[in-house]
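Working notes, beginning with the structure itself.
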Amino acid sequence: MSQKMTLGQTAEIAGPKKAFIIPKPEVVASMIKRAKRPLLVVGSESAKTMTSDGVLVDTAIRLIGKMTVAATGHLVSEFLKRDVQGVHSISLMNLGDRLRDPLWGGFDGEGQYDLVVFAGFPYYLEWLVLNGLKSFAMDLRTISLTRSYQPNASWSLGSMKVDEWKEVLDKIASTLMEEN
Amino acid sequence: MSQKMTLGQTAEIAGPKKAFIIPKPEVVASMIKRAKRPLLVVGSESAKTMTSDGVLVDTAIRLIGKMTVAATGHLVSEFLKRDVQGVHSISLMNLGDRLRDPLWGGFDGEGQYDLVVFAGFPYYLEWLVLNGLKSFAMDLRTISLTRSYQPNASWSLGSMKVDEWKEVLDKIASTLMEEN
Amino acid sequence: MSKKDLKLKFDELSSVIGTFKGLEIEVGRIFDDEWEEPMGPTPFPSVGTLRNWDRKLLERYKPFYMPFCDLCCLCTFGKCDLTGDKRGACGIDMAGQQSRIVLIACCIGASTHTAHARHMLDHLLEEFGRNAPLEVALNTGVEAPNIRLVCGIRPKTLRDLEDALDYVETQLVQLMAAAHTGQEGDNIDFESKAFHAGMLDHVAMEVADISQISTLGLPKGDPEAPMTELGYGSIDVSKPVIMCIGHNVLPSVDIIDYLMENKLFGEVEIGGLCCTAHDMSRYDKRSKVIGPISWQLRFIRAGIPDLIVVDEQCLRTDIMIEARKLGVPVIATSEKSCLGLPDRTHDDPDAIVRDLASGAVDGVLIIDPKKVGEVTVKTVLEVAPKRAGKKSFSLDELSELANSCRLCMECVRACPNNLPIVEAMQAAKEGDYSPFAALNDLCVGCARCESACPVDLPIISMITKANEPANLLEKFPMRVGRGAIQDTEIREVGQPIVFGEIPGVVAMVGCANYPAGGGDVARITEEFLKRRFIVVTSGCSAMNIAMTRDEEGLNLYEKYSGHFDAGGLVNVGSCVSNSHITGAAIKIANIFAKRNLRGNYEEIADYIYNRVGAVGVAWGAMSQKAASIAAGCWRLGIPVVVGPHGAKYRRMLLGRKDKEEDWIVYNARDGEEVYVGPAPEHLFYAAETVEEAIVMITKLTMRPNDTAKGRAVKLTHYIDLYKRYYGTMPDDLHLYVRKITDVPFTMRDEIMVALEEKDWSEEKIAIPDPTLLDRMVRRRS
Amino acid sequence: MSKKDLKLKFDELSSVIGTFKGLEIEVGRIFDDEWEEPMGPTPFPSVGTLRNWDRKLLERYKPFYMPFCDLCCLCTFGKCDLTGDKRGACGIDMAGQQSRIVLIACCIGASTHTAHARHMLDHLLEEFGRNAPLEVALNTGVEAPNIRLVCGIRPKTLRDLEDALDYVETQLVQLMAAAHTGQEGDNIDFESKAFHAGMLDHVAMEVADISQISTLGLPKGDPEAPMTELGYGSIDVSKPVIMCIGHNVLPSVDIIDYLMENKLFGEVEIGGLCCTAHDMSRYDKRSKVIGPISWQLRFIRAGIPDLIVVDEQCLRTDIMIEARKLGVPVIATSEKSCLGLPDRTHDDPDAIVRDLASGAVDGVLIIDPKKVGEVTVKTVLEVAPKRAGKKSFSLDELSELANSCRLCMECVRACPNNLPIVEAMQAAKEGDYSPFAALNDLCVGCARCESACPVDLPIISMITKANEPANLLEKFPMRVGRGAIQDTEIREVGQPIVFGEIPGVVAMVGCANYPAGGGDVARITEEFLKRRFIVVTSGCSAMNIAMTRDEEGLNLYEKYSGHFDAGGLVNVGSCVSNSHITGAAIKIANIFAKRNLRGNYEEIADYIYNRVGAVGVAWGAMSQKAASIAAGCWRLGIPVVVGPHGAKYRRMLLGRKDKEEDWIVYNARDGEEVYVGPAPEHLFYAAETVEEAIVMITKLTMRPNDTAKGRAVKLTHYIDLYKRYYGTMPDDLHLYVRKITDVPFTMRDEIMVALEEKDWSEEKIAIPDPTLLDRMVRRRS
Ligand code: SF4
Ligand code: SF4
Ligand code: SF4
Ligand code: SF4
Ligand code: SF4
Ligand code: SF4
Ligand code: SF4
Ligand code: SF4
């Protein structure tokens with residue numbers, strides 16, 4: 001009789017503060033463009049998550065230059081395999097810990113990031129880290145590009161089918177690549 | 001930055017099973033009409049909750065005959081003050097306890113109700129009883145007519161302003177009063 | 001080193017176990033050979049010993065679960081969705097999970113009192129020695145009914161209490177263990193374990209209270225215990241003000257002693273909040289009672305205290321933040337509540353005073369009560385003059401503050417009682433502060449509104465300010481906690497209670513999470529006092545009872561005696577004094593009915609359940625302690641009624657009066673199984689309204705053993721109250737009138753009409769010698 | 001009656017406290033005058049005693065909270081929204097609440113082992129007497145390092161262990177009390193209390209394990225402990241099969257004894273699941289180990305057991321439902337897990353057997369282990385023949401079942417690891433069962449998928465069935481738990497460990513909540529064995545390690561020795577044997593470094609933290625027990641790495657290697673405060689991938705006291721592994737290379753390049769005699 005959750009795992013039930021759903025890919029792109037210090041973080045599942053560029057790692061590669069890119073776990077090896085330099089390697093725990101410190105200088109020592117985009121993580125792990133940031137890095141804006149709704153981000157994609165998601169991701173990347 | 005809950009008290013966060021929002025008053029009326037044994041339960045706040053009929057007690061009186069009406073707390077006195085008989089008095093705890101028993105005969109001994117409509121309760125108390133029914137009376141359909149969203153009902157009104165709510169309630173009652 | 005440090009030295013010792021030379025042994029326990037009472041079947045019961053008894057009760061009173069959350073997040077397999085017929089990754093279902101949380105809550109509650117008792121006892125043993133005698137109450141031989149009943153021991157000295165506590169600690173750890181992921185699979189077994197925790201809690205509370213009564217000179221069951229003053233108005237703000245918050249009186253005792261020794265009592269005001277206040281006033285009636293837990297923030301915000309001493313339990317955890325804002329130093333005194341403060345226990349007192357007074361530190365942790373006494377008094381004397389004149393904002397500023405309100409409603413959504421804060425803001429913008437003032441009595445002081453407010457309006461301060469003139473005059477007498485009920489009192493009232501002529505014993509206890517203010521507690525209390533029930537009370541409720549006056553300006557403590565007798569209002573004291581309430585019920589079975597207590601739990605509980613019309617009422621029950629205290633009552637067969645917020649305890653224990661088969665007892669006279677009607681109807685019950693509660697409490701005093709006269713008295717009150725509040729006759733009289741002689745004479749006609757409608761006849765309901773225990777049957781027919 | 005029941009009778013006793021006649025006294029404790037070791041500063045520490053030490057660690061390793069829920073629902077003031085800077089009605093904030101839940105979890109975990117220890121000890125005292133000597137391990141004088149360290153006592157007999165347990169129980173109740181609503185206000189204080197619970201847990205585990213080792217004949221630290229068989233294939237299904245599940249071996253011991261006494265061991269198969277299996281195999285290697293917790297449902301569903309005996313902890317709470325479906329009777333044996341079953345403890349065994357065998361009851365509760373032994377064996381002999389042939393569905397039916405799948409994805413959403421169940425269903429519809437079979441190794445057996453499935457597909461059974469041929473062959477050798485590490489072994493490896501030549505001690509422990517199957521545990525283990533770390537293991541992890549073979553068909557237990565030495569794989573045993581792992585670290589400080597243990601916690605922890613390169617790894621940590629075990633490691637200065645699900649423990653304790661000021665220690669030689677680099681970098685750390693974990697574990701073995709040679713060895717492994725998995729050099733070498741002599745010779749060039757990039761120079765990082773304790777400074781310069 002009652003409505004079922006349709007948004008990802010049942011573990012996702014969030015508290016009173018819940019992510020806005022990103023209405024369309026362009027919004028993400030323009031948030032990133034407008035951000036002073038945007039950071040893209042790609043997680044361990046990025047090497048096997050298919051996108052229109054190949055896998056998520058390849059999509060992240062497209063974005064280097066448009067934003068700082070960091071890889072968690074041992075994912076940096078995937079970039080290096082592709083001979084791509086300039087991706088920062090940091091573990092997810094260390095990253096979470098530093099993002100909550102307003103005095104952290106970032107990878108370049110220039111100061112804390114103001115917008116962090118997450119993609120390619122096990123659902124529950126991203127859920128938890130985002131929730132740490134929600135309460136303990138209140139000034140930080142976070143975007144989740146996971147295919148299921150991530151309630152603890154500031155902005156999240158809604159849950160969608162694989163193909164749709166690939167398109168959305170591609171659209172975000174393409175929009176970012178355009179000249180301002 | 002993130003979306004605020006806009007639906008009633010912060011205590012309302014529900015689990016994976018969440019009430020459908022009633023799209024329009026006629027839907028409630030038709031669910032009641034179609035039910036075999038509908039029950040309206042009005043709670044202790046019904047004597048001071050204003051409706052287009054006066055207070056919620058008066059609205060409930062309009063519906064006697066269309067469905068079985070029960071009053072919790074000591075609310076029955078309000079009906080008797082108005083010289084209205086035929087309203088059953090039962091405490092909310094006893095009612096909840098009986099609604100989860102498939103063998104309960106109801107007030108008339110004819111058997112369990114199949115649809116129960118709640119109105120006029122302290123928000124958190126209704127929340128709790130509805131949640132007891134959600135898990136322990138799985139075959140029972142419940143409707144909340146509270147002015148704030150009640151996630152643990154099968155169907156609930158969305159949160160709305162006082163005047164809008166009065167109209168919705170009136171529309172439900174009027175539709176029910178119409179000949180089928 | 002070891003907590004049991006009495007050693008005996010022997011040059012040579014021969015015993016059954018061999019010969020030892022140059023041996024030191026420690027005495028564990030000196031056995032009491034003199035207690036002639038034979039040992040009952042269940043001394044020191046373990047987790048499962050009383051399971052059958054619990055299951056009998058839980059078979060009648062089946063839990064109706066109202067999950068407070070649909071998920072479980074207790075292990076890393078989770079979160080698990082448990083709605084409907086789903087199960088968690090460990091296999092648990094919703095009923096199991098709710099009852100598991102209940103068990104955890106009861107364990108926390110019972111642990112709180114047990115830890116308190118342990119701390120108290122350790123301290124008193126050190127101060128007064130192992131052999132300090134237990135002198136609990138005047139005219140009283142049964143010094144420790146809960147301990148006798150549960151443990152099967154008769155404590156005579158402080159040291160003897162350690163046996164009881166050792167046992168309680170061992171059992172609590174067993175119970176906590178049972179809450180581990182993936183283990184107990186049955187919700188009724190979890191409930192039974194929660195009952196066990198509750199029973200243990202009453203033993204622990206008894207240890208805590210009788211040890212302090214015996215050694216610290218608190219009133220020993222004195223019905224004429226002195227009056228103290230309660231309320232803001234009781235504090236002379238021209239003096240330095242020490243405010244003690246919490247539940248463990250030891251640091252406060254040393255503050256008072258220091259004041260006395262240094263002849264400073266007249267110079268300094270000392271007031272308490274919550275149970276520490278009760279126990280301070282029992283220790284010295286000149287210490288003031290500020291109010292219940294809900295007053296913490298208001299009182300601090302009013303700028304009255306110059307120094308805050310916190311001990312344990314029921315403190316606001318944000319006390320440091322509040323105190324800092326006002327420049328009030330804080331002294332924490334318990335390892336359980338360190339508040340992040342530097343541990344200065346081993347520092348020179350004057351150095352600590354210097355740091356606190358200069359503001360170099362805003363608070364310190366001092367575990368040694370003696371040092372607390374000295375540091376507190378010295379500090380407040382230095383701090384108070386500097387703080388003088390420090391005030392909160394003025395009434396004018398109130399409207400200014402209100403002007404910045406965005407009317408966004410976040411506060412109202414966050415308020416547990418949906419209080420009309422926004423209306424008050426709107427009125428205040430226009431200079432009308434009365435809607436704000438009106439909130440004063442309804443607000444539970446939780447500050448969730450402030451937390452939610454996007455512009456950080458100090459809503460509680462605004463409420464307090466708007467009501468300031470009234471607040472500052474607030475000053476009520478309260479009889480200080482008297483402790484236990486005397487054996488002689490029990491002897492007097494045992495028969496009228498058991499026969500039903502005193503219609504019931506109503507215990508008004510628990511916290512201050514009221515749905516609509518503390519006035520309701522006084523209202524309920526007065527209703528039963530007027531009807532000559534015995535009303536016992538404790539904790540925050542005992543304070544709220546004091547805070548209502550009649551037209552003549554008198555409150556209930558002034559109007560009713562402190563005797564444990566019909567129409568008596570008996571303040572037993574702090575939370576741990578609740579053990580005297582169950583203790584009184586136990587003593588009725590023992591002293592009046594001559595049932596053996598020693599390790600004889602089931603029989604006594606069966607007696608109380610079937611015969612003693614006692615009902616607990618926790619209208620504002622909030623805490624885990626309230627949960628475990630209630631559970632201890634249930635196991636003894638005492639029903640408990642809570643207010644609507646009490647439904648958040650996740651389940652009620654509800655009887656089904658419509659099911660005849662549920663209300664069968666043995667007749668102890670002949671072993672016959674007979675129907676006795678649904679009395680008492682429920683074991684744990686949340687009422688939606690005060691009126692519903694009053695009527696239900698009255699009904700719950702009925703017991704199968706009532707004499708005709710007793711039942712008639714109870715029915716009179718029930719019908720009278722029902723008619724008053726519901727406007728009609730109750731529809732279940734046919735379940736409670738057993739014989740025509742049960743019918744109250746004055747209401748005869750209308751009752752007979754009601755009975756006829758229900759096809760009532762005299763044969764249906766028996767009046768046996770009722771028992772749920774097969775083994776209590778004396779002879780089989 | 002009392003648990004301490006040794007009484008002495010005297011006709012007349014004169015002592016310091018007076019003269020007694022006709023007195024019976026009970027001996028509490030016979031003091032040990034012989035221990036020449038002086039008492040340290042903190043025997044029997046209370047909640048706050050080690051707070052300063054904890055705060056030192058927590059200052060370095062600040063909790064990074066990842067709230068698992070945004071709300072608190074622990075009292076009736078709630079639910080309270082705690083997101084952002086909001087506070088609950090009691091004043092608590094999000095950090096406070098998360099750490100409070102951590103404290104509750106650790107209390108439950110420690111209580112579980114304590115209750116287990118109490119039950120074990122009570123039973124063994126009864127069976128073997130108070131004076132049964134503690135014989136824990138061969139060649140070992142330090143029988144109980146945790147107890148010596150924490151309590152300051154040296155236990156010699158079973159009875160002496162009671163002192164330790166009494167203390168632990170008292171403290172646990174204090175800690176539970178601190179979790180009460182409105183009390184502790186500081187998250188760091190909650191964390192410190194969680195550490196306290198963890199420390200207590202190791203004492204309790206030690207009590208439980210050394211008491212059973214000493215009396216039941218389990219291996220006494222034998223590196224050559226026998227091999228047992230593990231896996232489905234180890235069970236001869238042609239015989240009646242008894243399956244024992246849980247963590248308390250007592251009932252199983254009596255089953256084995258009954259089989260032996262009645263010469264039935266060859267006729268009946270007895271296998272265990274979870275830690276009971278470990279302890280059964282320690283008791284008698286012929287009993288089989290079925291597998292870790294995650295195999296419970298699969299094994300039952302396979303229809304193999306004819307009777308199930310459950311004791312306590314880590315049982316599926318739905319065991320009755322599963323057993324009922326298959327007509328398998330269940331015998332519950334613990335008050336902690338009664339499963340709603342009728343208590344038949346006091347009934348005639350044959351009557352119970354009759355009822356179980358006939359199916360008149362589907363389960364019973366029997367608290368007496370002896371009776372469990374008899375009833376179990378007699379019942380299984382009657383039941384097994386009747387059940388013969390009872391099978392689960394066939395492979396054909398599997399595709400039929402799959403056909404009714406609606407492809408609704410509810411199962412995948414419910415699956416904690418998002419396993420591709422729907423793909424397996426789709427393939428199975430077409431008769432391809434390999435995708436289902438592939439799930440076998442990845443599935444943690446939680447059944448959440450089944451619970452969520454709208455058409456109730458038995459997904460676990462389907463996985464099991466698809467993999468049946470492989471499953472049934474599964475049979476692996478595992479060295480049974482050897483218990484403690486011998487003093488002589490410590491003497492041998494102490495120096496190479498402290499000097500860093502044995503690169504580290506890695507403890508592979510904990511539950512089976514793996515993100516991608518148990519194979520990862522074997523993989524991590526092998527990596528470190530190959531590199532000649534010492535690997536110790538216990539519990540479910542010790543089983544999963546057994547379940548991977550190399551190309552030659554050998555598993556790690558076959559390839560590596562059981563010695564506590566470089567390249568040794570040491571299975572200590574069940575969960576309670578984890579105390580031997582901390583025990584070994586403690587003994588290194590004591591035996592190798594000659595530090596006093598007695599009541600000397602801080603110094604020893606400081607030693608371990610700065611010198612002993614031990615790291616705990618709980619890749620599938622699931623339970624509250626795992627939480628408290630880990631907390632006990634942290635307080636001793638041992639870092640713990642968990643898998644990604646471990647992030648649900650709500651916070652990590654993370655160091656900031658980029659903050660130099662965080663890594664200052666005293667040089668004990670001259671009191672100077674010096675920078676030693678971020679070693680170990682973290683105290684509690686969740687890795688996202690196995691590869692990340694392996695590298696982090698390696699890095700965490702570095703300690704300030706490493707010799708140049710030792711540091712070089714550790715760096716070699718770190719760099720080698722980092723390069724292998726990350727494809728590049730680590731970017732933090734400049735924080736770990738102190739002097740040029742630390743640089744591993746073979747990697748010199750590339751390291752120097754890396755160092756130059758970071759402007760490394762030799763002066764920055766000191767190699768002092770490191771300590772965090774001011775008082776350990778021997779001389780001030
Ligand atoms: S039980 Fe409470 S803390 Fe847990 S998920 Fe529900 S609301 Fe959150
Ligand atoms: S049980 Fe409590 S802590 Fe756990 S998820 Fe629910 S609300 Fe949160
Ligand atoms: S305890 Fe059970 S229901 Fe709760 S999270 Fe763990 S597995 Fe799920
Ligand atoms: S402090 Fe008072 S007004 Fe504010 S939320 Fe609490 S009860 Fe409501
Ligand atoms: S939350 Fe604050 S701003 Fe909003 S209505 Fe309440 S008082 Fe006004
Ligand atoms: S314990 Fe505190 S935060 Fe939790 S529900 Fe109670 S008042 Fe709210
Ligand atoms: S039983 Fe296996 S497949 Fe099913 S939800 Fe659990 S882990 Fe996933
Ligand atoms: S939940 Fe059941 S029906 Fe739905 S996809 Fe999974 S197996 Fe199929």
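Each chain gets a letter, A, B and so on, in the order its sequence line appears, and its residues count up from 1.
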Exactly one candidate in D:Leu733, D:Asp731, D:Leu735 meets side chain to side chain contact (heavy atoms under 4.5 Å, CB included) with D:Lys758; the answer is D:Asp731
Side-chain donor/acceptor of A:Asn131 to backbone N/O of D:Met66, under 3.5 Å:
no
D:Asp93, part contacting chain A, at a heavy-atom distance under 4.5 Å:
neither
D:Met94, part contacting chain A, at a heavy-atom distance under 4.5 Å:
both
Mark yes when over 12 heavy atoms from residues, nucleotides or ligands other than D:Glu59 sit less than 6.0 Å from its CD; otherwise mark no.
no
By number, which residues in residues 37-61 of chain A have some heavy atom less than 4.5 Å away from chain D?
A:Gly43, A:Ser44
Can you tell if the side chain of A:Leu80 reaches within under 4.5 Å of the side chain of A:Gln85, non-hydrogen atoms only?
yes
Ignoring hydrogens and angles, state whether a donor on the side chain of A:Ser144 or A:Tyr149 is under 3.5 Å from an acceptor on the partner side chain.
no
Most heavy-atom pairs under 4.5 Å with chain D, out of A:Leu133, A:Leu92, A:Thr72, belong to A:Thr72
Counting heavy-atom pairs under 4.5 angstrom with chain D, the leader among A:Gly105, A:Ser89, A:Ala71, A:Gly73 is A:Gly73
Selection from D:Ala686, D:Gly655, D:Ala687, D:Gly727 maximising heavy-atom pairs under 4.5 Å formed with chain A
D:Ala686
Can you say whether D:Glu681 sits under 4.5 Å from chain A via the side chain, the backbone, both, or neither, judging by heavy atoms?
side chain
Please say whether more than 12 non-hydrogen atoms of neighbouring residues, nucleotides or ligands are located less than 6.0 Å from NZ in A:Lys171.
no
Identify which part of D:Pro63 has an atom lying under 4.5 Å from any heavy atom of chain A, answering side chain, backbone, both or neither.
backbone
Just by distance, no angles: are the side chains of D:His682 and A:Asn94 close enough, under 3.5 Å, to form a donor-acceptor pair?
yes
The interface call for A:Leu128 against chain D, heavy-atom contacts under 4.5 Å, is both
Side chain / backbone / both / neither for D:Arg651 at chain A, heavy atoms under 4.5 Å
neither
Most heavy-atom pairs under 4.5 Å with chain A, out of D:Glu691, D:Met409, D:Met696, belong to D:Glu691
Heavy-atom neighbours of A:Asp108 CG exceed 12 at 6.0 Å
yes
D:Tyr649 and D:Phe684 aromatic ring geometry - parallel, tilted or perpendicular at 30°/60° bounds
tilted
Quick check with a 6.0 Å cut-off and a 45 degree axis cone: is D:Lys648 positioned over the face of A:Tyr124's six-membered ring?
yes
Centres of the D:Trp634 and D:Tyr61 rings: under 6.0 Å?
no
With a 4.5 Å cut-off on heavy-atom pairs, point out which of D:Ala647, D:Ala95, D:Gly84 contacts chain A the most.
D:Gly84
Between the CD atom in A:Glu126 and the CZ atom in A:Phe118, the distance rounded to the nearest 0.5 Å is 7.0 Å
Toward chain A, the part of D:Lys659 with a non-hydrogen atom under 4.5 Å
side chain
D:Ala693 portion near chain A, given a 4.5 angstrom heavy-atom threshold
neither
